[in-house]
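Some notes on the structure that comes next.
Every chain is numbered from 1, with letters handed out A, B, ... down the list of sequences.
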Amino acid sequence: MSSSPLPVQGRNRAAIVAELRRLLPRLESVGAARALPFGLADFDAHLPQGGLTVGALHEVAPHQHGDTPATFGFLAALMARFAPSSRPVLLIAPAHVFAEHGRPHGHGLQHLGLDPARLILVETRNEKQALWAMEEALRSAVPAAVGGVVARLDLKASQRLQLTAGEAGLPLLLLRPAAAHVPAKWSPVRRQGHAPINEDASAAATRWRIGAAEAARDRFGLVTHTRWNVRLERCRNGRPGDWLVEFDHAAYRFSLAAALADPALSRGAGAPQFLRRTG
Amino acid sequence: MLAADVSGTPRVVAANAAAEADGIRIGETIADARAKSASPAESLQESLQVRAANPAADDAALRRLALWATRYTPAVAPFDEKSGADGLFLDIAGAAHLFGGEAKLLADLGERLARFGLPARLAAAATAGAAWALARFRTSTTILAAGEERAALAPLPIEALRLSSDTLRTLRRLGFRRVGALIDNPRAPFAARFERELLRRIDQALGCTGEPLNYILPPPVYHSLRYLMEPVAAQEAVVAIAQRLMCDIVHALARDGVGARTLRLALYRVDGGVQTLDIALTRGTRSAPHVARLIALKLERNGEISADTLDAGFGFEAVGLAVTTAERVDATQAELVDDGGTAGGDAQASERCAELIDGLAQRLGPGSVQRLAPVASHLPERAETAFAANAEGAVWAAPDAARPRPLLLFAQAEPAEVMAQVPEGPPRRFRWRGVLHAVAKAQGPERIAAEWWRSGTDAPTRDYYLVEDDAGRRFWLFREGLFARETTTPRWFVHGLFA
């Protein structure tokens with residue numbers, strides 16, 4: 001600590017709170033963590049340090065079971081943004097996930113900005129091995145980002161992964177798939193059409209929930225840009241939010257579709273050049 | 001029959017017994033040979049088979065045979081060009097007694113070669129020259145006692161001395177037919193007229209001067225074996241011993257500039273059984289801790305498959321580590337400060353990547369760590385392959401914006417029940433995996449025809465549609481079979497999912 005603590009008698013409440021606010025983030029995080037901004041002022045305002053913390057665990061979950069490909073697309077776009085260097089990117093998943101949802105297709109990944117030459121696919125037999133592989137990959141400090149698909153994750157395992165990612169300074173992006181929707185007459189508990197949501201306690205830095213959204217089309221009706229409903233559910237030292245995000249294939253950039261955006265955003269002539277509004 | 005182009009026309013270089021029975025001789029042209037072998041009943045092609053001579057392959061095969069022959073003696077030399085390049089010298093000076101005598105050794109060698117399908121002529125003598133001559137010009141296997149070279153060589157023709165063709169021609173013109181004539185005459189006139197080669201060869205054949213032979217060097221073997229004072233059964237102990245064995249081998253590897261690519265760990269049990277563990281790496285390594293770590297991971301994986309990681313019995317009394325494949329590894333300059341992201345640490349980064357891939361592959365099993373490579377094929381399921389990962393990736397071309405491809409692709413397209421306008425309308429509603437989707441927008445069709453050059457029959461054409469349902473989810477459907485041209489009931493499938 002750079003400054004000496006104030007004597008107890010002279011402090012008032014506001015000063016104590018200000019001191020704590022200054023000290024706590026430093027005590028909690030492992031050094032000055034780097035953050036990768038999205039390039040969208042609205043987004044980055046909700047995230048701590050103005051962007052996604054690089055050395056941390058981030059969880060992405062689909063809104064419903066059918067939104068899993070959209071969630072995986074968001075994950076792939078995020079992985080592509082982290083360190084656009086030639087370092088490899090690992091994707092670790094148990095084999096049954098590929099059997100259920102399909103295997104990542106290299107030509108499709110190119111449209112999301114992830115160079116398939118950088119991708120290393122690791123297929124494991126079960127989730128325990130997948131967690132081990134993720135830890136190994138993080139500790140080796142070889143990849144630029146590690147992505148994984150894990151359905152069940154308890155608090156201890158997630159804390160361990162968060163610590164390992166923090167020490168290595170690499171992002172770990174986890175996809176938490178929802179269980180398939182069971183028809184009402186088979187399930188013991190009637191559900192309202194939503195898949196059971198993973199509400200386990202987790203030590204992740206941010207939790208996102210992604211839903212599919214209609215794509216932006218041009219005047220011929222051809223898909224130009226993918227869109228997702230992105231909700232930041234939980235964020236450590238940040239604020240939750242809800243957006244409709246559009247992903248630019250050509251420029252590999254995110255931008256906001258203004259449908260759910262803040263009305264304050266529609267003003268702002270001084271916005272930087274890379275921000276585009278739609279609608 | 002082998003042919004090679006000599007002086008402009010293809011000539012016969014080698015012929016088998018059947019060809020020689022027909023009267024074909026080495027050195028004549030192929031046209032003459034065909035004429036001799038053609039019989040009125042058969043066609044030309046069937047009776048005579050001519051292949052191009054491949055001297056490089058012959059040399060390689062001879063070298064391999066020489067390596068095999070080191071089972072008899074470590075000193076084996078293949079014939080060089082002057083001696084005909086079609087045989088081997090074996091120096092059996094101290095090795096004959098191991099096989100029960102020279103006769104038995106020759107008999108064994110001849111039998112094994114015959115089993116390979118290589119009829120051979122063998123001879124043993126006190127000098128290399130005499131042995132060569134006897135093998136060439138005597139029909140049966142001969143063993144010559146020391147001191148009898150003069151008598152044995154005398155009746156042989158002068159080709160038995162391995163002289164150059166010019167010398168041979170001159171000698172024939174002068175009237176010398178047999179070696180005996182050369183040996184009996186005084187030496188001085190020969191020294192005056194011919195090069196020293198003639199006298200050297202005579203002396204070598206008779207044993208007056210030595211003949212240096214170019215023995216082949218067998219490829220180096222890197223292995224290390226340790227006998228333990230007490231039998232060992234614990235996994236950690238085995239891994240620690242393996243690391244020390246690797247440290248022993250590293251010196252030899254570094255001296256030769258190679259790294260180990262595949263290794264075999266042999267564990268010898270007290271009761272006589274042997275257990276082996278094979279480790280494969282993505283690139284050659286000289287790092288002992290890395291190899292030890294891979295062995296530990298492999299044992300863990302074995303422990304997962306079968307209940308017992310190491311079936312040690314009463315313990316292991318000896319542990320051996322051998323390098324089964326070695327690969328050239330260039331020494332790289334290590335960085336003083338390991339800063340992961342800089343370009344200077346590129347070689348180190350790719351080495352660490354190889355180590356990570358090795359570790360994952362050992363623990364998770366072969367085929368679990370893969371990279372994708374593009375394949376030039378129209379069919380989407382064939383447009384890429386997965387190969388076992390190494391430190392480098394394949395090169396991909398830029399994507400085509402006009403041809404959208406899904407993010408997730410099914411290996412087998414799943415059938416769907418689709419309602420669409422006949423004959424070529426886009427889908428309106430479809431049921432897939434038990435869920436009904438109503439199509440809001442459909443983009444397409446992209447027509448991908450089957451690869452007619454691959455399959456004999458015509459596989460049906462596919463029309464791909466990128467459909468989006470009410471919820472905003474995008475699917476890649478295709479209709480298989482053109483209505484009324486290929487089939488009356490086209491089927492629909494879901495092939496992939498878009499982000």
Side-chain angles (χ1 to χ4, degrees), chain A residues 64 66-74 76-77 83 85 87-88 90 98 101-112 115-125 129 132-133 136-137 140-143 169 180-181 183 211-215 217 221-223 226-229 247 249-250, chain B residues 304 340-341 346 349 352-353 355-357 359-360 363-365 367-374 380 383-384 386 389 391-411 433-435 437 440-443 466 468-469 471-475 495-499:
Chain A
Q64 291 185 2
D67 294 324
T68 313
T71 318
F72 181 60
F74 184 70
S85 65
R87 276 160 64 177
L90 256 73
F98 291 141
H101 296 286
R103 291 184 71 93
H105 189 56
H107 298 280
L109 285 170
Q110 279 179 316
H111 286 300
L112 284 170
D115 184 11
R118 287 170 66 194
L119 181 70
I120 298 181
L121 270 177
V122 179
E123 204 174 309
T124 68
R125 267 219 315 240
Q129 281 185 352
W132 174 85
E136 277 299 308
S140 77
V142 161
H181 173 64
E214 291 182 13
R217 289 175 188 267
L222 301 175
V223 170
T226 326
R227 280 194 190 156
W228 299 300
N229 280 315
F247 185 62
H249 294 278
Chain B
E304 224 178 49
D346 216 5
R352 278 206 312 262
C353 184
E355 287 185 3
L356 170 68
I357 295 175
L360 289 175
R363 181 69 179 85
L364 302 172
S368 54
V369 185
Q370 291 177 333
R371 277 194 128 119
L372 300 171
E384 69 177 20
E392 293 84 35
V395 177
W396 288 69
D400 191 356
R403 298 209 176 91
R405 286 286 176 270
L407 181 63
L408 298 164
L409 195 76
F410 295 109
R433 284 187 180 174
V435 182
H437 303 267
K441 294 193 189 88
Q443 175 180 332
L466 200 178
E468 185 176 300
D469 72 351
R473 299 168 196 170
R474 286 170 282 279
F475 305 83
H495 207 173
L497 303 168
F498 281 84

- Query: Side chain, backbone, both or neither: which part of A:Ala213 has a non-hydrogen atom closer than 4.5 Å to chain B?
  - Reply: backbone
- Query: Heavy-atom distance under 4.5 Å between the side chains of A:Arg87 and A:Val142, does that happen here?
  - Reply: no
- Smallest heavy-atom separation, B:Ala499 atom then A:Gly73 atom, equals CB-CA, 3.7 Å
- Check: B:Phe498 ring centre within less than 6.0 Å of A:His111 ring centre: no
- So what's closer than 4.5 Å to chain A heavy atoms on B:Gln443: side chain, backbone, both or neither? side chain
- Task: Pick one of side chain, backbone, both or neither for B:Arg433, based on which atoms fall under 4.5 Å of a heavy atom in chain A.
- Result: side chain
- Item | CG on B:Leu497 to NE2 on A:His105, rounded to 0.5 Å | 12.5 Å
- Message: If I measure from the heavy atoms of chain B, does A:Arg103 come under 4.5 Å with its side chain, its backbone, both, or neither?
- Response: both
- B:Arg371 side chain to A:Ile120 main-chain N or O, any donor-acceptor pair under 3.5 Å? no
- Task: Give the member of A:Gly211, A:Ala70, A:Pro116 that has the highest number of heavy-atom pairs under 4.5 Å with chain B.
- Result: A:Pro116
- Report the option among B:Leu409, B:Asp469, B:Val395 that has the most heavy-atom pairs separated by less than 4.5 Å from atoms of chain A. B:Leu409
- Query: Using non-hydrogen atoms only, which part of B:Leu407 is less than 4.5 Å away from chain A: side chain, backbone, both, or neither?
  - Reply: both
- Under a 4.5 Å heavy-atom cut-off, does chain A meet the side chain of B:Ala440, its backbone, both or neither? neither
- Task: Apply side-chain hydrogen bond (donor to acceptor under 3.5 Å, both in side chains) to A:Gln129 and list each qualifying residue two or more places apart in sequence or on a separate chain.
- Result: B:Glu304
- Item | Pairing residues for B:Arg474 by the side-chain hydrogen bond (donor to acceptor under 3.5 Å, both in side chains) criterion, not counting sequence neighbours | B:Glu468
- Among the options B:Glu355, B:Arg405, B:Glu384, pick out the one with the most heavy-atom pairs lying under 4.5 Å from chain A. B:Glu384
- When the 4.5 angstrom heavy-atom criterion is applied to B:Ala411 and chain A, the contacting part is neither
